[in-house]
Amino acid sequence: MVFIAMRIARAIAAVFFSALNCFAGGNVKDIGPKIPGQILEWNASGDDSVFNRKTLYDYMDGGAEVYLAYDFREVFVRRYVDSEENEIVLDIYDMGSPAEAYGIFSCDREDPPAGIGQGSEYGLGLLRFWRGSSFVAITVSGNEEKAEKAVLELGKAVASILGPDGPLPGMLDLLPKDGVQADKTSYFHNDVHLSNRYFVSSDNILNLDEKTACVFAEYVSKSGDSGRLLIIRYPDSAATQAAFASFRKSFLPEADANGAARTENKKWTMVKMRDNLVAVVFEGSSREYAGRLAETINRPPK
Amino acid sequence: MTTPMTRRNFIRGTTAAVLGASTMFGRTPAVQANKTRVILIRHPDALGADSAFNEPIIQQMLDAAVAKLLDQSDPVEAFKQLVKPEDIVGIKTNVWSFLPTPAPVEKAIKRRVLDAGVKEENVGLDDHNVRTNPIFLKATALINARPIRTHYLAGMSGCLKNYIMFGESQEFYHPDSCAALGSLFLLPQVKGKTRLNVLCALTPQFYGRGPHNFSRRYVWNYKGLIVGQDPVAVDTIGLQLIKAKRRKELGPAQELPPVPKHIQLADTRYGIGTSNLEQIELIKMGWLDDVMI
């Protein structure tokens, strides 16, 4: 019941946030006039484009599923070119909610923060950030070093019109705070993203799909302990139990009564289940530390 | 009923499950009398200092690889074993804007197909329009050429995935980590026609990021071609290379691209080639610095 109440509360919050969103629930096709047509020596080139869930494949040859695995609605695309034909491509994705925007951002972090939006990173020709229900990627083709200043300027300009800020996924509240690596924390739904984040199995042994919500976080404690924690929320207890059983059978058949086993790399894996939640700890540095991480699902929700 | 390959299989070293052994996905194939030959050829000058492709060197590499593949001393004679003057030849290329099949590779293949006696009007080169291109509709022989890169869904894009444009719907082949890609080679337009597979490892991509899953940071100048008649064997070798590079650059935890299952399934489910390393004769030619596999 507690979790149902939490989900209802989150849905109400999402509706409320949509009403606040400055471009009407994230309709990116109306955003073009608000974005600068010139950034330093780069000028907008060609017509702006908008792609939706049905047409995203026309834009992305081989990458559409990354977005379709979230509640992606539309993407606005504008190209800028300079006199040397270096190109900057601006993508603004309406992800449907702040949680989904955070999610797509969180699954692909490698670079230092850029101080733009609610979370950002920049590295060699690629700026990524999120704000509200929007996720933004700005990509350079050509001279990345020359384009860096323009990319960051463009990012700041776009971020300023995407407000207001939105809430992080409620699932993050389940993560123990001590030792969590914020830039190694991801929110997603299905096994495509889990496999890219941390390969577990060639088959979907945790039964992840669009109805599941997952957080995956890496931990390094001050005492030197480490581990990786995956928490999954299933739509009902039957799905939870089925996934729990599937994982134990396929990945951890020798687990003891507490769901723990020491695996081939001398690290500890542990799986626990409560209500609609499953927690799996991979590569725990000790049994005790794995247990402390997994035990998080037994804490009362905030 | 198949057994999933897990991270634990990989750690145990039962990478039979990961790459080689077809037993992983459900059946044990009969041991083949003859191994499937795959050529890896590299040349230090295949790319210039500015990373521009060196067309004459790439022609030399293709010639040497195909000649060795078919135990011929002359590359034209080798190509004559692949295609006959009366053949209609479709060269399936790849136009992905970030990492297309290099034009010098396309030209090198076409040049030798013509040298083998095929009429120019009977040679076509295409990617997205292979289902409507008249040459491809009438093709009696196909040559499969594309770069190697990682792929968010399939784990790796290689020669098997290059034929997805022959499918009526690309989306049909996406579920379950693109598990059904091998079935493309059983389509009537394709079945039994592929004479040569050229997996371009001149500038492989070992990791994907960004909106189109491409960043120049994760591409390196390997300067190689992987060539064979069996697309499954060629991709199996290609995956070895991607894994080796990922291990070196990203660490052991990221050695595996997501789910490279379609390669094994092309063998065990669709029977179009071998993914068993023990059944593959890998011949390395040319420049061997940092060959990795």
Side-chain angles (χ1 to χ4, degrees), chain A residues 57 59-69 75 77 89-91 93 104 108-111 123-128 135-142 144 191-205 218 228 246-247 250-253 261 263-267 269 282-283, chain B residues 2-14 17-18 24-25 94-99 127-128 149-155 157 161 164 169-171 174-179 207-218 250 252-262 264-265:
Chain A
Y57 286 106
Y59 179 49
M60 289 184 182
D61 182 1
E65 295 80 6
V66 177
Y67 300 87
L68 297 175
V75 58
V77 181
V89 181
L90 166 67
D91 293 348
Y93 300 81
I104 190 76
D108 190 19
R109 280 184 282 187
E110 297 280 339
D111 295 319
L124 193 67
L126 177 62
L127 171 67
R128 305 171 67 253
F135 166 71
V136 178
I138 304 180
T139 316
V140 177
S141 292
E144 289 102 342
D191 62 320
V192 172
H193 287 287
L194 176 61
S195 289
N196 279 273
R197 188 68 183 75
Y198 183 79
F199 178 79
V200 174
S201 171
S202 64
D203 286 3
N204 184 11
I205 60 176
E218 297 182 24
R228 298 163 197 256
S246 167
F247 180 80
S250 297
F251 197 91
L252 217 54
T263 55
E264 292 75 11
N265 58 359
K266 314 297 182 196
K267 303 288 181 66
T269 297
F282 298 97
E283 301 187 35
Chain B
T2 60
T3 307
M5 185 271 289
T6 70
R7 175 173 283 272
R8 294 186 65 186
N9 296 126
F10 177 64
I11 294 169
R12 280 185 206 120
T14 50
V18 181
M24 195 59 220
F25 287 103
N94 195 286
V95 297
W96 194 54
S97 60
F98 300 96
L99 197 63
D127 181 5
H128 287 182
R149 66 180 176 98
T150 52
H151 188 272
Y152 208 83
L153 277 185
S157 283
K161 194 165 186 306
I164 197 165
S169 158
Q170 289 183 55
E171 290 177 56
H174 287 160
D176 193 17
S177 307
C178 301
Y207 184 53
R209 288 191 67 221
H212 301 274
N213 218 27
F214 178 83
S215 171
R216 193 167 60 85
R217 274 179 282 180
Y218 307 109
L250 307 175
Q254 288 288 92
E255 177 172 346
L256 271 183
V259 190
K261 67 198 294 186
H262 72 274
Q264 291 88 343
L265 290 173

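All values below were derived from every heavy atom in this structure, side-chain atoms included, with hydrogens, water molecules and symmetry-related copies excluded.
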Sort A:Tyr59 into side chain, backbone, both or neither according to what part of it lies under 4.5 angstrom from a heavy atom of chain B. both
Nearest heavy atoms of A:Asn196 and B:Tyr152, plus distance in Å: ND2-O, 3.0 Å
Top contributor to chain B contacts, counting heavy-atom pairs under 4.5 Å, from A:Ala137, A:Ser250, A:Gly123, A:Gly125: A:Gly123
Relative to chain B, which of A:His193, A:Arg197, A:Arg128 shows the most heavy atom pairs under 4.5 Å? A:His193
Note, A:Tyr57 side chain near B:Glu171 side chain (heavy atom, < 4.5 Å): yes
Grab the two heavy atoms, one from B:Arg8 and one from A:Pro253, that are nearest each other, plus how far apart they are. NH1-CD, 4.2 Å
Chain B contact via A:Phe282 - which portion, at a heavy-atom distance below 4.5 Å: neither
Taking only residues two or more places apart in sequence, or in another chain, which ones meet A:Ser141 in a side chain to side chain contact (heavy atoms under 4.5 Å, CB included)? A:Glu87
Which atoms of A:Arg228 are under 4.5 Å from chain B, going by heavy atoms: the side chain, the backbone, both sets, or neither? side chain
CG (A:Leu126) and CZ (B:Phe214) are apart, to the nearest 0.5 Å, by 11.5 Å
Under a 4.5 Å heavy-atom cut-off, does chain B meet the side chain of A:Ile104, its backbone, both or neither? neither
Which one wins on heavy-atom pair count under 4.5 Å against chain B: A:Tyr93, A:Phe251, A:Tyr67? A:Phe251
Reported CG-to-CG distance for the pair A:Asp203 and B:Asp176, which is rounded to 0.5 angstrom: 6.0 Å
Is any side-chain heavy atom of A:Thr139 closer than 4.5 Å to a side-chain heavy atom of B:His212? no
With a 4.5 Å cut-off on side-chain heavy atoms, are B:Asn213 and A:Met60 touching? no
Under 3.5 Å, side chain of B:Arg209 to main-chain N/O of A:Asp108, donor-acceptor pair present? yes
Any A:Thr269 side-chain heavy atom under 4.5 Å of B:Arg7 side chain: no
Region of A:Asp91 in contact with chain B, defined by heavy-atom distances below 4.5 Å: side chain
Which portion of A:Glu144 sits near chain B, non-hydrogen atoms under 4.5 angstrom: side chain
Please give me the minimum heavy-atom distance between B:Pro4 and A:Ser201, naming the atom from each residue. CB-OG, 3.4 Å
